[in-house]
Amino acid sequence: MRLSVLVSAAALAATALATALVATPVQAATALPAPVACDGCWKPALNTSWEWRLSSLPAKPFLDVQMYDIDGFAAAENGTIVKALKAAKPGRKLVCYISAGSHEDWRPDADRFPSGVLGKPLDEWEGERWLDIRQYTGKLGEIMKARLDMCKAAGFDAVEPDNVDAYTNDSGFPLKAADQLAYNAWFANEAHKRGLSVGLKNDVAQIPQLLPYFDFAVNEQCWQYSECTTAQNGTYGYDQFVKAGKAVFHVEYELKTSRFCARSNAQNFNSLKKTYDLDGTRTACR
């Protein structure tokens, strides 16, 4: 798992992100390309049961859930897990987890990344470095397209791109909110070109601008950091996804279920209590 908003940065991010985006929302939005339509893409229902398993691939007996979100590279190497999960429950959908914003030195394509796109290490995540997302029109973009092709070839229905809020972190590059918007919109369009639906991972403050590009949302700890709803934030929140008929898949790690499940259910979020390892430990809110 790759936490996009670190505990040490949470207080600063809540103020800084809102200020940056509110100051230039029209300017940033006008620079974005039109969303690529994907009429054949999977559109998860607002109430969709799911499991998030990244520490290892699921093993039988599989959970009776409508969607599994698993590591794309591990699934592609395995070669059969996607088919097995779908065969065990007809209609089940599979989401391909990849990092779209960081270099992971253990991945099979790690040596394809030019040194010029590698930034500072991610705090607390050994072997990972931020990427200069401004270079997506060059080699970086080709690498990400290849990762999307991998997800498609493996039989996935959707993709979860992680670490797509580098501009809020100490990446080693002078990234701005507009850079992140451009990259995230480009990535979503590339997923749609391949018939893959795509989820917005965290990047909460850019929800208003990115909502037209993404089919669902994946969030970590928005109740812990008081950033789940527009009422909490003023201009952005996951209730905007729900209002648009798009599902929200949400996880808390530290809060007790009594602290967030009732609120999540009231917002029509698909919420789980998981461990940071994202193993088989889980409590579903509904």
Side-chain angles (χ1 to χ4, degrees), residues 2-6 9 13 16-17 20-21 23-25 27-36 38 71-73 76 96-153 159-194 196 198-207 209-210 212-214 218:
R2 303 294 175 258
L3 296 181
S4 299
V5 181
L6 299 173
L17 296 186
L21 286 171
T24 59
Q27 180 181 0
T30 55
L32 297 181
V36 170
C38 191
D71 185 86
F73 280 101
C96 183
Y97 171 91
I98 58 173
S99 181
S102 70
H103 174 267
E104 303 159 305
D105 64 10
W106 63 91
R107 297 300 191 184
D109 63 355
D111 61 354
R112 292 192 61 199
F113 289 79
S115 60
V117 305
L118 305 183
K120 290 186 177 180
L122 276 68
D123 291 342
E124 300 183 11
W125 297 106
E126 185 177 355
E128 283 196 74
R129 295 169 66 179
W130 291 106
L131 296 172
D132 186 356
I133 56 172
R134 298 170 298 177
Q135 299 189 48
Y136 69 87
T137 58
K139 183 67 173 179
L140 177 62
E142 294 305 312
I143 295 169
M144 292 304 157
K145 289 177 183 179
R147 289 186 170 190
L148 287 169
D149 291 339
M150 173 191 72
C151 293
K152 182 67 175 179
V159 60
E160 177 210 337
D162 202 0
N163 298 311
V164 293
D165 54 2
Y167 83 107
T168 72
N169 290 272
D170 184 14
S171 68
F173 304 110
L175 301 178
K176 297 180 172 59
D179 299 320
Q180 194 72 64
L181 287 171
Y183 180 66
N184 292 0
W186 170 83
F187 190 96
N189 279 346
E190 288 298 324
H192 283 169
K193 289 177 183 178
R194 290 158 174 78
L196 294 167
V198 57
L200 179 63
K201 175 67 170 293
N202 296 325
D203 196 17
V204 187
Q206 295 191 329
I207 286 174
Q209 291 85 0
L210 293 174
Y213 296 87
F214 287 84
V218 181

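The shown structure was predicted, so the numbers you read here are calculated from the model rather than taken from an experiment. The basis for the numbers below is simple: all heavy atoms, side chains too, and nothing from hydrogens, waters or symmetry mates.
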Atom pair OH/CD of Tyr136 and Glu142 - distance to nearest 0.5 Å = 13.0 Å

Minimum heavy-atom separation for Pro161 to Gly199, with atom names?
-> CD-O, 3.2 Å

Ignoring hydrogens and angles, tell me if any N or O in the side chain of Arg129 forms a donor-acceptor pair with the backbone of Gly119 under 3.5 Å.
-> yes

With a 4.5 Å limit on heavy-atom distance, are the side chains of Asp203 and Leu210 in contact?
-> yes

Would a 4.5 Å heavy-atom cut-off, applied to side chains only, mark Trp125 and Glu104 as touching?
-> no

Atom CG of Asp123 and atom CG of Asp170: how far apart are they, to the nearest 0.5 Å?
-> 7.5 Å

Side chain of Asn163, backbone of Ala100: donor and acceptor closer than 3.5 Å?
-> no

Phe73 vs Pro108 side-chain heavy atoms within contact, under 4.5 Å = yes

Which is it for Ile98 and Met150 under the side-chain contact (heavy atoms from CB on, under 4.5 Å) test, yes or no, and what are the steps along the way?
-> CA-CA 10 Å; Ile98 58 173; Met150 173 191 72; 4.1 Å; yes

If only atom types and distance count, is the side chain of Asn184 paired as donor or acceptor with the main-chain N or O of Val164 below 3.5 Å?
-> yes

Go through Phe187 and Val159 one step at a time and tell me if the side-chain contact (heavy atoms from CB on, under 4.5 Å) criterion holds.
-> CA-CA 10 Å; Phe187 190 96; Val159 60; 4.2 Å; yes

Under the 3.5 angstrom rule, does the side chain of Lys152 hit a backbone N or O of Arg194 as a donor-acceptor pair?
-> yes

Asp132/Arg134 salt bridge by N-O under 4.0 Å criterion | yes

In sequence, state the C-alpha distance, the side-chain angles, and the governing distance for Met144 and Lys139, and then conclude on side-chain contact (heavy atoms from CB on, under 4.5 Å).
-> CA-CA 9 Å; Met144 292 304 157; Lys139 183 67 173 179; over 6 Å; no

Indicate yes or no: at least one non-hydrogen side-chain atom of Ile207 is less than 4.5 angstrom from one of Phe214.
-> no

May I ask you to decide if Ala166's main-chain N or O and Gln180's side chain share a donor-acceptor pair within less than 3.5 Å?
-> yes

When rounded to the nearest 0.5 angstrom, what is the spacing between CG in Leu181 and CD in Gln209?
-> 5.5 Å

Would you tell me whether Asp162 and Ser99 have side-chain atoms, one donor and one acceptor, within less than 3.5 Å of each other?
-> no

Given the rule in the side-chain contact (heavy atoms from CB on, under 4.5 Å) test, do Tyr213 and Leu32 qualify, once you have shown the distances and angles that lead to the verdict?
-> CA-CA 10 Å; Tyr213 296 87; Leu32 297 181; 3.3 Å; yes

Pair Glu190-Lys193, salt bridge (Lys or Arg N to Asp or Glu O under 4.0 Å): steps then yes or no | CA-CA 5 Å; Glu190 288 298 324; Lys193 289 177 183 178; 3.1 Å; yes

Rounded to the nearest 0.5 Å, how far apart are CZ of Arg112 and CD1 of Ile143?
-> 5.0 Å

Can you find a pair of side-chain heavy atoms, one from Asp179 and one from Tyr167, that are under 4.5 Å apart?
-> no

Separation between CH2 (Trp106) and CD (Glu126), nearest 0.5 Å, reads 9.0 Å

Decide yes or no for Glu128 and His103: does some side-chain heavy atom of the first lie under 4.5 Å from some side-chain heavy atom of the second?
-> no

Rounding to 0.5 Å, atoms CG (Asp71) and SG (Cys96) come to a distance of 7.5 Å

